Structures are given as structure tokens and as C-alpha cells.
A.B. asks: 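Below you will find the structure I want to go over with you.
Quick caveat, the model's predicted, so the values are computed rather than measured. Ligands are counted one by one from 1 in listed order, and the atoms in each one are counted from 1 as well.
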Amino acid sequence: MAYGLTEEQRMFQTMVHRLAEERVQPRAAEIDATGEFPWDMVDLFRENGLIGVGMPEELGGGGADLLTFCLAVEEVARVCATSSLIIAAQHLGAMPILIAGTPEQKAQFIPAVASGEKLSAFALTEPEAGSDAGGTKTHAVRVGDQYRINGTKVFITNGGLAKTIVVFASTQPDAGVRGISAFIVDGEQPGVSVGRVEKKMGIRGSQTAMLNFDDVLVDGDRLLGKEGDGFKIAMRTLDRTRPGIAAQALGIAQGALDVSYRHVQTRRQFGQALGQFEAIQFMLADMQTQIEASRHLLYKAAEVVETAGFDTVSSSEVTRFSAMAKLMCSDTAMKVTTDAVQLLGGYGYIQDYPAERMMRDAKITQIYEGTNQVQRLVIYRNMDMER
Ligand code: CAA
């Protein structure tokens, strides 16, 4: 039982691995080159039950545990980071509803997200509230039994494509983080508009956009939890989704190692394959070691977070493991992909080979769902010195 995976998890991993090799990998370079959102990948993941794989079965999802969800993201990211983000972002958009939604809210919004009929988004970040997510300026004012939302969100994955958006807005500006509330907003309703669509270094096929909310009216039953619960809902969401980004990073790293290993077997210099040189062997050995260590931490984190469930308040162990997995896997992805470019030499630097794409894609994993500086802060605040 490698990595302690169950038979079912291994079979699932093999299925996704094949699907990724046969159907995703041939599209990866083109998705990156055109920067167009790959709707065909959405269809592929819908057909194969991957888009809502980690959402509850009774709400139309795959009912998979968090580790199985991570295996899906990892295997797809191994060949195409943009495509793996489709699965991870869908999970992120659904998570606040799964965590804090009433049974009615879950029944109303999750099935269409779980099936992929609607894309989802998590709208937390603002121009002046990135790492300091508590600095949210978007506000929601109660008008009768509705709320009127005004503000601007930036760097929203699936912005302009998502039809189910969880928006964080302050209902009590003088209360700081305790005044933030979370609302489910329909992406097509009046007042919601798409601003700039970002041109990015990597994950170029994923749409990242600014979203404007101008007098957006939502009914009171779109509020998640109570007024003022929003910041904690956001933090609890990230505790449960950062492992997905760690899985994406790990997949990118493994993909870069695959490419590097194949290259050094065939590329010959000074009369022998590159892989015959000890200096090259040492680099590959380090890459493999960093990936193995990262994988063990991630799979352990997935187990810790899974055990806590969707609807319990995170323990410091959950928060810490989630942040440690994201930190370590993304740093590994950056290191391993940079080394892969180096190992491929000139071929690493040109677009005919996937290494440079993988290096560009890896970078975002150190930034989104909380920069790695934020992860370190979170880890420090949740350290366990009792053991
Ligand atoms: N679970 C539950 N509650 C939590 C919590 C958690 N994990 N973390 C904090 N809280 C609670 C605290 O207990 C505290 O509660 P009280 O007010 O009752 O005491 C409250 O929340 C405020 O906590 P802090 O004092 O720790 O808050 P802070 O202002 O110092 O911020 C932070 C902490 C960790 C820096 C946080 O702002 C953060 O995580 N920032 C990064 C934001 C982020 O990850 N953004 C990613 C956007 S999404 C994205 O990137 C997706 C994508 O594109 C794919």
C-alpha cells in the first residue's frame, strides 16, 4: 500500500493518471499558448465525475475523501496545471456553502456546482485586501429583507465564468474581521460585471478577473451563517482547500521530474547520456527526495483535514497541516521546476518543451490561497509544542 492509499484510491489514481495522459496532456501546450479557458476540459471532468469529486454524494458530488480529491488534482496537474485548477477552483467555490450553508442553501446551490453545470468562484481578495483579507472594503447593507452589495474583487479565479460566487463583504465596517459576512451571489444577476481579465505568467488558460458589484441586491437567504461569520468561514474554507493547491503544486513538480528524467536518459553530451554524470544524478536525487517528502506531508494533511470533516471548526492541527502542505509542496514545485529547466538546458528555456511552462505554472502555487509568507504566519500561530 504505497503512501497508505486504499485499493480504491489506487484504482482511482490510475484512472485519472490515464485520463490525464491521454486526454489532458495533448491539450496542455495549446491551452497555455492561447490562454483561452478550456471548456473541453470542463466537459471531460464532468463526464468522468471529477469536477465535483470531493463534494458530498447526496448533493450530486463524487463523495470522495480529501485525499482522493487531492489525487485527482495531482494527476491532472502533472500534465496541465491550468486544467487541474478547474477541479480545485470548483471545490473552493463550493466549500463555504458546504461548511456554513443551511440544508436548503446546500440543496439549492451545490448540485449544479458538483455536476459542473455551473462554475463557482470564491471572491475574497480586493485591491487593498490580499494577504490582509480582513481589510475587506466591499460592503453589504441591509435593505428590508435583502442586502445591497457594493465593491470590487480582484484576482478571482473563474471571474466572469462562474455563476455561483461566494462574496465576502463587510456588514459592519467598524467591527473589522468580525464584521465580514459571506453571501452567495449569482454571477449573472444585475450589478455584477467583469472588469479586467488578467494576463498571467502561468496557469494561462484559467480565467482570473476583476469583479465589480454595483448595487447588487441579494435576498436575506443568500447570507451564509450569521452576519459577521464571513471571515471565519473564509479561513475554515482555506484550511480545507489549501491541500488542493498543495496537490496541484506536487503534480507540477512530479511532471517536471518525469520530463527531466526522460531527457537525461536520451540527451548525450561528451560521449554519454547526461544521466551518466554524477552532478546530474545528484540533482535528480534531490528532486525525487523533495517530492517524496512533500507527498508524505500532503497525504498526511489530507487525512488530518478529512478527519475533521466539513462542518466542524478547524483545530489548530487542521490549520497547521493544511498550511504546511501548501508551503512545502509549492516551494518544492518551484525548486523542482527550476531545476528541470536547468537540466534541459536550452531546451528547458523554449516553448517546444514543457519545462518552462511548468516553471511558470509553479510560481502561482507559492502565491494564491495565501502567499507562503502567510502560510508561515499561520503555521507559527498554530504551532504544537506539546509533543
Ligand atoms: N478557522 C477558524 N477561525 C479562524 C481561523 C481558522 N483557520 N483563522 C483565524 N480565525 C479567526 C480567529 O480565531 C479570530 O477570531 P476572533 O475574532 O473570534 O478572535 C479571527 O478569525 C481573526 O483571526 P486573526 O486575528 O488570525 O486574523 P488576521 O487579520 O491576523 O489574519 C491571516 C490572518 C492568516 C493573515 C488571514 O488574513 C489570511 O489567511 N490571509 C490570506 C488570505 C488568502 O489566503 N487569500 C486567498 C484568496 S483565495 C485564492 O487565492 C483562490 C484562487 O485564486 C484559486
A.B. asks: Heavy atoms, side chains only, cut-off 4.5 Å: are F45 and S83 in contact?
C.D. replies: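 Yes, side chains in contact.
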A.B. asks: Would you sort out whether T365 and Q248 count as a side chain to side chain donor-acceptor pair (under 3.5 Å), showing the intermediate values?
C.D. replies: CA-CA 8 Å; T365 65; Q248 180 187 44; 6.0 Å; no
A.B. asks: Could you identify the single nearest non-hydrogen protein atom to atom 2 (C) of ligand 1 and state the distance to 0.1 Å?
C.D. replies: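 Minimum-distance protein heavy atom for atom 2 (C) of ligand 1 reads R236 CG, 3.6 Å.
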A.B. asks: Which residue and atom name correspond to the protein heavy atom nearest atom 7 (N) of ligand 1, and how close is it?
C.D. replies: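 Ranked first by proximity to atom 7 (N) of ligand 1 is D239 OD2, 2.8 Å.
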A.B. asks: At under 4.0 Å between heavy atoms, is it the side chain or the backbone of I156 that contacts ligand 1, or both, or neither?
C.D. replies: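 Neither part.
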A.B. asks: Taking C-beta and beyond as the side chain, do F231 and T136 meet within less than 4.5 Å on heavy atoms?
C.D. replies: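 No, too far: nothing below the 4.5 Å cut-off.
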A.B. asks: Are F122 and F168 close enough that their ring centres sit under 6.0 Å apart?
C.D. replies: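 Yes, the ring of F122 comes within the 6.0 Å limit of the ring of F168, centre to centre.
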A.B. asks: Do you see a donor-acceptor pair shorter than 3.5 Å between the side chains of Q290 and T332?
C.D. replies: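 Note: Q290 and T332 side chains miss the donor-acceptor criterion.
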A.B. asks: With no hydrogens and no angle check, do the side chains of D32 and Q351 hold a donor and an acceptor under 3.5 Å apart?
C.D. replies: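 Short answer, no.
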A.B. asks: Just go through G93, S131, A89, G134 and tell me whose heavy atom is the nearest to atom 37 (O) of ligand 1.
C.D. replies: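 Going through G93, S131, A89, G134 one by one, S131 has the nearest heavy atom to atom 37 (O) of ligand 1.
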A.B. asks: Please write down residue, atom name and distance for the protein heavy atom closest to atom 30 (O) of ligand 1.
C.D. replies: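 Scanning the protein heavy atoms, the shortest distance from atom 30 (O) of ligand 1 goes to R381 NH1, 2.9 Å.
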A.B. asks: Which atoms of ligand 1 sit under 4.0 Å from any heavy atom of T125?
C.D. replies: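 Counting atoms of ligand 1 from 1, those under 4.0 Å from T125 are 47 (C).
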A.B. asks: Which of the atoms in ligand 1, numbered in the order shown and given with their element, are less than 4.0 Å from a heavy-atom of L238?
C.D. replies: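 Those qualifying, in numeric order: 43 (C), 44 (O).
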A.B. asks: Which part of I245 is near ligand 1, with near meaning a heavy atom under 4.0 Å away: side chain, backbone, both or neither?
C.D. replies: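 It is neither; nothing of I245 touches ligand 1.
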A.B. asks: So does R78 pair up with E74, basic N to acidic O under 4.0 Å?
C.D. replies: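 Salt bridge between R78 and E74, a charged N being under 4.0 Å from a carboxylate O: no.
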A.B. asks: Report yes if the side chains of N372 and Q375 come closer than 4.5 Å at any heavy-atom pair, otherwise no.
C.D. replies: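 In contact.
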A.B. asks: Would you say atom 13 (O) of ligand 1 has a protein heavy atom nearer than 4.0 Å?
C.D. replies: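 Looking at atom 13 (O) of ligand 1, one finds that no protein heavy atom lies closer than 4.0 Å.
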A.B. asks: For atom 6 (C) of ligand 1, what's the nearest protein heavy-atom neighbour? Residue, atom name and distance, please.
C.D. replies: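 Residue, atom and distance for the closest contact: M235 CB, 3.4 Å.
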A.B. asks: Provide, to 0.1 Å, the distance between atom 22 (C) of ligand 1 and the closest protein heavy atom, together with that atom's residue and name.
C.D. replies: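 So the nearest neighbour among protein heavy atoms is F231 CE2, 3.5 Å.
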A.B. asks: What part of R242, side chain from CB on, backbone N/CA/C/O, both or neither, has a heavy atom under 4.0 Å from ligand 1?
C.D. replies: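 For R242, the contact with ligand 1 is made by the side chain alone.
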A.B. asks: Considering only protein heavy atoms, which is closest to atom 50 (O) of ligand 1, and at what distance to one decimal place?
C.D. replies: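 Looking at atom 50 (O) of ligand 1, the protein heavy atom closest to it is E369 N, 2.8 Å.
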A.B. asks: For ligand 1, indicate whether the residue L92 contacts it via side chain, backbone, both or neither (heavy-atom separation under 4.0 Å).
C.D. replies: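 Just the side chain.
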A.B. asks: Would you mind checking which non-hydrogen protein atom is closest to atom 15 (O) of ligand 1, with the distance to 0.1 Å?
C.D. replies: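 Looking at atom 15 (O) of ligand 1, the protein heavy atom closest to it is K232 CE, 3.2 Å.
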A.B. asks: Would you mind telling me if ligand 1 is within reach of the side chain of V378, the backbone, both or neither, using heavy atoms under 4.0 Å?
C.D. replies: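 Only the side chain of V378 comes within reach of ligand 1.
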A.B. asks: Distance-only, no hydrogens or angles: does the K200 side chain make a donor-acceptor pair with backbone N or O of S206 under 3.5 Å?
C.D. replies: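 Side chain of K200 to backbone of S206, a donor-acceptor pair under 3.5 Å: yes, one is there.
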A.B. asks: Atom 29 (O) of ligand 1: which protein heavy atom is closest, and how many Å away?
C.D. replies: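 Result for atom 29 (O) of ligand 1: V177 CG1, 4.1 Å.
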